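Counting convention: from 1, in listed order, for ligands and their atoms alike. All values derive from a computational prediction rather than experimental measurement. Counting begins at 1 with the first residue of the sequence.
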Amino acid sequence: MNDIFILPKIADSRGNLSIIEEMKQIPFKIKRVYWIYDVPGGVERGGHAYRQNEEFIVALSGSFDVCLDNGKEKKVISLNRSYMGVYIPKGIWRVMNNFSTNSLALIVSSIDYDEKDYIMDYEEFLQYSTTSDRF
Ligand code: TYD
């Protein structure tokens, strides 16, 4: 769990092509896609967990780190290829940092945006995570 997923890569002299399909390369149905870009140097994104939302994150361009925490263990996954992604189950505290210049993060989500799905407080997350064992 939470290891890098290697996506299909159709290599071609005209350029490469990679694919994400719901319930195939990723284990959920896609409800929403958003992307993060123009991130200033040294900035951190995320710093929260979701109660229900699942995510799949790809560094479409450049590189950044995805730091995962299940309340017991922490893991840092560096993304730096357009055909690699990380799956984040619900109930994982996640932070994204070390964005390179011009990096582009694609995030595929399993539910609509819902402010109430976020756990923004780390202590609350730790209490919540005692009921789950996600890594
Ligand atoms: P947030 O999820 O906190 O971004 P990150 O985890 O990358 O730091 O979202 C930042 C802001 O954007 C916040 O005000 C909520 C808003 N937002 C939406 O309105 N819709 C969305 O689908 C997402 C992901 C965020």
Side-chain angles (χ1 to χ4, degrees):
M1 188 93 77
N2 297 121
D3 289 327
I4 286 185
F5 280 39
I6 305 295
L7 298 167
K9 177 179 167 185
I10 318 284
D12 193 306
S13 57
R14 300 168 302 156
N16 301 325
L17 182 155
S18 290
I19 306 150
I20 302 171
E21 295 163 290
E22 59 187 16
M23 309 308 292
K24 289 191 181 171
Q25 295 82 12
I26 60 170
F28 60 85
K29 289 191 69 111
I30 298 168
K31 186 72 181 181
R32 179 168 50 114
V33 177
Y34 62 97
W35 49 100
I36 295 173
Y37 53 99
D38 291 347
V39 179
V43 159
E44 199 167 89
R45 301 282 318 203
H48 52 65
Y50 302 109
R51 295 172 210 280
Q52 294 302 326
N53 191 34
E54 298 168 63
E55 286 184 333
F56 190 77
I57 303 180
V58 181
L60 285 187
S61 181
S63 62
F64 51 84
D65 293 340
V66 182
C67 311
L68 303 167
D69 178 351
N70 67 356
K72 294 186 189 127
E73 273 180 87
K74 295 183 185 184
K75 225 179 228 186
V76 179
I77 296 178
S78 296
L79 293 178
N80 56 11
R81 294 283 183 274
S82 306
Y83 57 86
M84 291 177 175
V86 59
Y87 168 62
I88 308 182
K90 61 187 173 184
I92 298 287
W93 189 267
R94 75 128 170 96
V95 172
M96 294 161 70
N97 57 22
N98 286 327
F99 287 88
S100 68
T101 305
N102 289 332
S103 56
L104 171 58
L106 177 79
I107 298 149
V108 177
S109 293
S110 67
I111 67 169
D112 281 330
Y113 173 69
D114 178 5
E115 202 183 340
K116 295 189 293 301
D117 191 54
Y118 283 67
I119 303 172
M120 302 294 291
D121 180 73
Y122 190 70
E123 292 304 316
E124 187 189 337
F125 162 73
L126 286 180
Q127 284 194 335
Y128 184 82
S129 68
T130 55
T131 58
S132 65
D133 189 8
R134 299 272 177 209
F135 278 112

From atom 21 (C) of ligand 1, work out which of M120, E44, R32, R94 has a heavy atom at the shortest distance. R32

Does atom CG of N102 have more than 12 heavy-atom neighbours from other groups under 6.0 Å away? no

Is there a donor-acceptor contact under 3.5 Å from the side chain of R32 to the main chain of I111? yes

Above 12 or not: heavy atoms from other molecules or residues under 6.0 Å from OH of Y37? no

Parallel, tilted or perpendicular: which describes the rings of F125 and W93, with under 30° parallel and over 60° perpendicular? tilted

Considering only heavy atoms of I36, which atoms of ligand 1 have at least one such atom less than 4.0 Å away? 7 (O)

Nearest non-hydrogen protein atom, atom 2 (O) of ligand 1: Y118 OH, 2.5 Å

Can you confirm whether some protein heavy atom lies under 4.0 Å from atom 24 (C) of ligand 1, or whether none does? yes

Give me the ring orientation class for Y50 and Y118: parallel if the planes are under 30° apart, tilted from 30 to 60°, perpendicular past 60°. perpendicular

Of all the atoms in ligand 1, which lie at a distance below 4.0 Å from a heavy atom belonging to R45? 4 (O), 5 (P), 7 (O), 8 (O), 10 (C)

Does some non-hydrogen atom of the protein lie less than 4.0 angstrom from atom 8 (O) of ligand 1? yes

Enumerated ligand 1 atoms positioned under 4.0 Å from heavy atoms of G46: 5 (P), 6 (O), 7 (O), 8 (O)

So is H48 close enough to ligand 1, meaning a heavy atom under 4.0 angstrom away? yes

From the options V43, V39, I57, select the one residue that forms a side-chain contact (heavy atoms from CB on, under 4.5 Å) with M96. I57

Taking atom 14 (O) of ligand 1 as the reference point, report whether a protein heavy atom occurs under 4.0 Å from it. no

Quick test of your reading of the structure: of Y50, Y113, W35, Y34, whose heavy atom lies closest to atom 19 (O) of ligand 1? Y113

Using side-chain contact (heavy atoms from CB on, under 4.5 Å) as the criterion, point out the one residue from V58, D3, L79, I4 that pairs with V86. L79

